[in-house]
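As the structure lists them, so they are numbered: ligands from 1, and atoms in each ligand from 1.
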Amino acid sequence: MQLNANKKPQGQYGIIGWPLGHSKSPLLHNWGLKESGLPGVYVAWPTEPAKLKAFMAEVRARHIRGVSVTIPHKQAVMPYLDGLTDRAKVIGAVNTLFWREGKLMGDNTDVIGIKKPLLARQEAQGGALKSALVLGAGGAARAACAALKELGVPDVAVTNRTASKAVKLAADFGQRAVPWDERAQGTWSLVANTTPLGMLGEHQNESPWPADGFAGVGLVFDFVYNPVRTRLMAEAQEAGVACLSGLSMFLHQGLAQFELWTGKALDERRARQVLMADLLLMGG
Ligand code: NAP
């Protein structure tokens, strides 16, 4: 592992994960640093699990300003930290490392990434969500359950290919589980996809929802952000159902990270344009 020893330590940021395929975090944060006139650089640190301990030692030794954390390290980094935000404690996973009063802290900004687009839509349309079904029971689903709980959605259910994980996740948040085969049978104000189905690569042409099953669905939130318009979103829109893209989630979790690290709020509209332009260039 090399943490760019030549760069100024006070201005160094980056993302750790393994593998680190198509992350758009370097694009967003390097744009943000430039836009804010701040020195520094945000880089990708592909870090295999066996090297995590050494990586965390370097974060301290070099006082790396900010780290985004992605799969498979979101839980594994926690023992190396001095403290966690309340949200990170509730979710049991972190996606952001930052410094406060000399302490290396962990937060989870995915919840903000999920709440902000839902609140913006709620404000524009009026009317709170009455029910929500979370598809998947991994890390992103955990953040979704926490966000829906914070939003006060009265009826939240989780469904997952592996039923036992849905039951466990739902129980952790006082919510209910629905069998995967029965997922399209209910009526839901919101269906949130937290599975990788629809994502660029092997799952791109797949959807977690039957194309003829949108009658009882009010809104679809697809956490997948590459491509920007997934098969799930295309089929939902075809059926007249409004959609939120994972790009909005990615954008807001990233803006929240940037603010934690620098104290500066980036312009949301311009940041979205930067991401959109890049994703469209890639054919998303
Ligand atoms: P994870 O912890 O690995 O969980 C993946 C979930 O998807 C599991 O519940 C898994 O079910 C399910 N799944 C995987 N393959 C499936 C298939 N072929 N059919 C049905 N279900 C399947 O991953 P994660 O961290 O939650 O991330 C999940 C997705 O969320 C990512 O792929 C990414 O697109 C998206 N995400 C987006 C953002 C954003 O900012 N927009 C942020 C984080 C994540 P089993 O339990 O049965 O294996």
### Message
Distance alone, cut at 3.5 Å: any donor-acceptor contact between the side chains of Arg87 and Thr109?
### Response
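The answer is no; no qualifying pair exists.
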
### Query
Which bit of Leu247 is near ligand 1, meaning a heavy atom under 4.0 Å away: side chain, backbone, both or neither?
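Neither; no heavy atom under 4.0 Å.
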
### Message
Side chain, backbone, both or neither: which applies to Leu135 and ligand 1 if a contact is any heavy-atom pair less than 4.0 Å apart?
### Response
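It is neither part, as no heavy atom is under 4.0 Å.
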
Contact atoms of ligand 1, heavy-atom distance to [X] under 4.0 Å:
X: Thr162; value: 45 (P), 46 (O), 47 (O)
X: Val224; value: 34 (O)
X: Lys165; value: 45 (P), 46 (O), 48 (O)
X: Met199; value: 32 (O), 34 (O)
X: Tyr225; value: 41 (N)
X: Gly138; value: 2 (O), 4 (O), 9 (O), 26 (O)
X: Gly136; value: 9 (O)
X: Gly246; value: 41 (N)

### Ala140 N/O under 3.5 Å from ligand 1 N/O
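Ala140 vs ligand 1: N/O contact under 3.5 Å present.
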
#### Entry: Side-chain ion pair, Arg142 and Asp172, N-O less than 4.0 Å
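Looking at Arg142 and Asp172, the cut-off is met.
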
### Query
Does a side-chain N-to-carboxylate-O contact under 4.0 Å join Arg100 and Asp107?
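No, no charged N to carboxylate O under 4.0 Å.
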
Who gets closest to [atom] by heavy atom: [options]?
atom: atom 38 (C) of ligand 1; options: His252, Gln75, Met249, Lys24; result: Met249
atom: atom 10 (C) of ligand 1; options: Thr195, Leu200, Asn160; result: Asn160
atom: atom 28 (C) of ligand 1; options: Asp110, Ile114, Thr194; result: Thr194

### Query
So Tyr225 and Phe250, would you call those rings parallel, tilted or perpendicular, with 30° and 60° as cut-offs?
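Because their plane-to-plane angle is under 30°, the rings of Tyr225 and Phe250 count as parallel.
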
### Task
Check if Ala137 has a non-hydrogen atom at a distance under 4.0 Å from any atom of ligand 1.
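Right, Ala137 reaches ligand 1.
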
### Query
Considering all heavy atoms of both residues, which atom of Pro117 and which atom of Ile112 are nearest to each other, and what is their separation?
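Heavy-atom minimum between the residues: CD-O, 4.2 Å.
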
